[in-house]
Amino acid sequence: MTASIIQPGEIQPAGVEAPFIRLPEQAIFSRRSERFKFLAQGHAMADYLKFMAHIAAAQQQALAAMPQPSLPDAGQLSLCRQHGMPPLTAQSWPRERDWQVALRQIVGEVQPDARQATRSAIERLASADSNWLEAQAGHLLASRYDQLDLAAAPFIGAALQVYWVAMATALGLSAFGRTDNPTLCPVCASAPVASVVRIGGEEQGLRYLHCSLCEAEWHMVRVKCSSCESTKGIAYFAVEGSSGAVKAETCDECHSYLKVMYMERDHLVDPVADDLATLALDILLDEKGYMRSGPNLLLIPSADSPT
Ligand SMILES: [Zn+2]
Ligand SMILES: [Zn+2]
């Protein structure tokens with residue numbers, strides 16, 4: 001779906017329209033893996049970021065190996081369009097067990113690299129029955145963090161991302177449109193992990209929210225709270241001495257924040273990888289009393305416990 005979303009003050013050639021939704025490219029996880037490796041260089045959390053690079057590479061392999069998933073039919077898609085609902089709603093979509101196959105592939109791949117605490121979580125996942133895994137996935141997608149096996153959750157998140165990317169890309173852009181809640185993903189109704197101010201062509205200078213689950217992006221005007229849609233009381237924070245490529249957009253109406261990444265400052269920013277490489281910013285915002293509005297499924301639930 002395309003829509004005319006030119007903002008005042010943005011220069012755009014006549015007749016060219018930016019897409020409202022951008023679906024993930026097929027190589028999304030391998031690009032993310034490279035980004036994690038790059039960000040690990042000289043980073044205080046280099047070992048952690050290198051391990052995340054391995055997880056992302058394993059996600060790409062699992063995506064390539066995933067069979068064609070079941071998808072909503074034409075009737076369901078049209079019903080969703082009529083009612084402004086996302087067709088692949090995370091909390092109600094009947095998951096196939098293929099995501100569990102992806103999970104076992106991912107943990108099998110990264111296990112040799114894992115530290116002891118993570119290795120124990122991997123062993124729990126490897127021996128868990130399918131119903132327990134489904135229950136954990138349900139808790140994660142509904143943000144019931146108190147019921148999660150926290151050390152295992154990032155792997156479950158990684159596998160669910162693979163499954164949702166497979167579904168979203170198999171359906172294609174024409175299946176999706178605007179939905180009733182502009183703060184949630186129009187593909188799967190999840191909250192965004194971060195937003196990206198893009199460069200190039202008709203997307204120059206436009207801000208897209210990046211889905212924490214299916215990796216789709218959807219347009220939202222800049223300087224607007226991505227949680228409560230307020231345009232008042234928006235401010236930006238960065239860690240002192242940083243490149244300015246990643247900032248936190250805070251809202252004084254709902255006291256939440258989400259990171260914004262500027263491709264103009266670094267055209268390779270990745271919403272998931274750069275988020276995990278800038279946890280110092282989350283600590284700063286936590287100290288200022290702001291709550292993060294969207295999750296990073298690879299780090300649940302708080303920013304202070306990577307293992
Ligand atoms: Zn989504
Ligand atoms: Zn707000």
Side-chain angles (χ1 to χ4, degrees), residues 1 19-26 28-29 32 59 63 69 71-72 77 80-81 84-93 95 99 137 140-143 156-196 207-237 247-260 270-272 275 285-286 288-298:
M1 171 175 174
F20 173 62
I21 299 174
R22 305 178 75 257
L23 288 184
E25 52 179 337
Q26 282 295 334
I28 179 155
F29 296 115
R32 178 165 301 154
Q59 283 180 289
L63 179 63
L71 299 168
L77 288 176
C80 286
R81 245 192 306 275
M85 293 185 320
L88 296 171
T89 295
Q91 290 190 49
S92 57
W93 178 256
R95 291 184 293 276
W99 81 269
L140 181 58
L141 295 174
S143 307
I156 290 176
L160 291 172
Q161 284 176 340
V162 169
Y163 176 52
W164 253 271
V165 166
M167 288 194 291
T169 52
L171 271 178
L173 207 50
S174 63
F176 308 108
R178 287 175 189 272
T179 52
D180 285 346
N181 187 341
T183 68
L184 296 179
C185 175
V187 171
C188 76
S190 297
V193 58
S195 67
V196 180
R207 186 261 286 265
Y208 285 79
L209 303 183
H210 189 103
C211 180
S212 54
L213 178 64
C214 78
E215 313 277 355
E217 298 189 332
W218 67 105
H219 176 259
M220 178 179 275
V221 295
R222 290 166 70 170
V223 202
K224 180 178 197 169
C225 174
S226 56
S227 182
C228 76
E229 299 182 73
S230 171
T231 51
K232 290 184 299 200
I234 306 295
Y236 295 87
F237 292 89
K247 291 182 182 168
E249 184 178 65
T250 60
C251 170
D252 284 338
E253 292 289 310
C254 70
H255 302 284
S256 78
Y257 76 95
L258 199 68
K259 289 177 192 168
V260 190
D270 176 87
V272 170
D275 179 36
L285 273 294
D286 183 56
K288 290 183 181 295
Y290 292 100
M291 288 269 293
R292 189 178 156 120
S293 62
N296 188 323
L297 296 186
L298 302 185

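Just so you know, ligand 1 is whichever comes first in the structure, and atom 1 is the first atom listed for that ligand. All values below come from the heavy atoms of this structure, side chains included, with hydrogens, waters and symmetry mates left out.
Between the CZ atom in Arg32 and the CD atom in Gln161 there is a gap of 6.0 Å [rounded to 0.5 Å]. Taking CE from Met291 and SG from Cys254, the interatomic distance works out to 10.0 Å, rounded to the nearest 0.5 Å. Atom NZ of Lys259 and atom CZ of Arg292 lie 5.5 Å apart (nearest 0.5 Å). The CG atom of Leu23 lies 6.0 Å from the CZ atom of Phe176; values are rounded to the nearest 0.5 Å. Taking CG of Leu184 as the start and CG of Leu213 as the end, the distance is 12.0 Å to the nearest 0.5 Å.
For the Zn ion (ligand 1), the count of nearby protein N, O or S atoms, meaning those under 2.8 Å away, is 4.
Taking the side chain to side chain contact (heavy atoms under 4.5 Å, CB included) definition, one finds that Ser195 meets it with Arg207, Leu209, Val260, sequence neighbours left out. Shown here are the side chain to side chain contact (heavy atoms under 4.5 Å, CB included) partners of Met85, two or more places apart in sequence or in another chain: Cys80, His83.
For the Zn ion (ligand 2), the nearby protein N/O/S atoms, meaning those under 2.8 Å, are Cys225 SG, Cys228 SG, Cys251 SG, Cys254 SG.
At a threshold of 4.5 Å between non-hydrogen side-chain atoms, the residues Val187 and Pro86 do not count as touching.
The aromatic rings of Tyr290 and Phe237 sit tilted relative to each other, their planes meeting at an angle between 30° and 60°.
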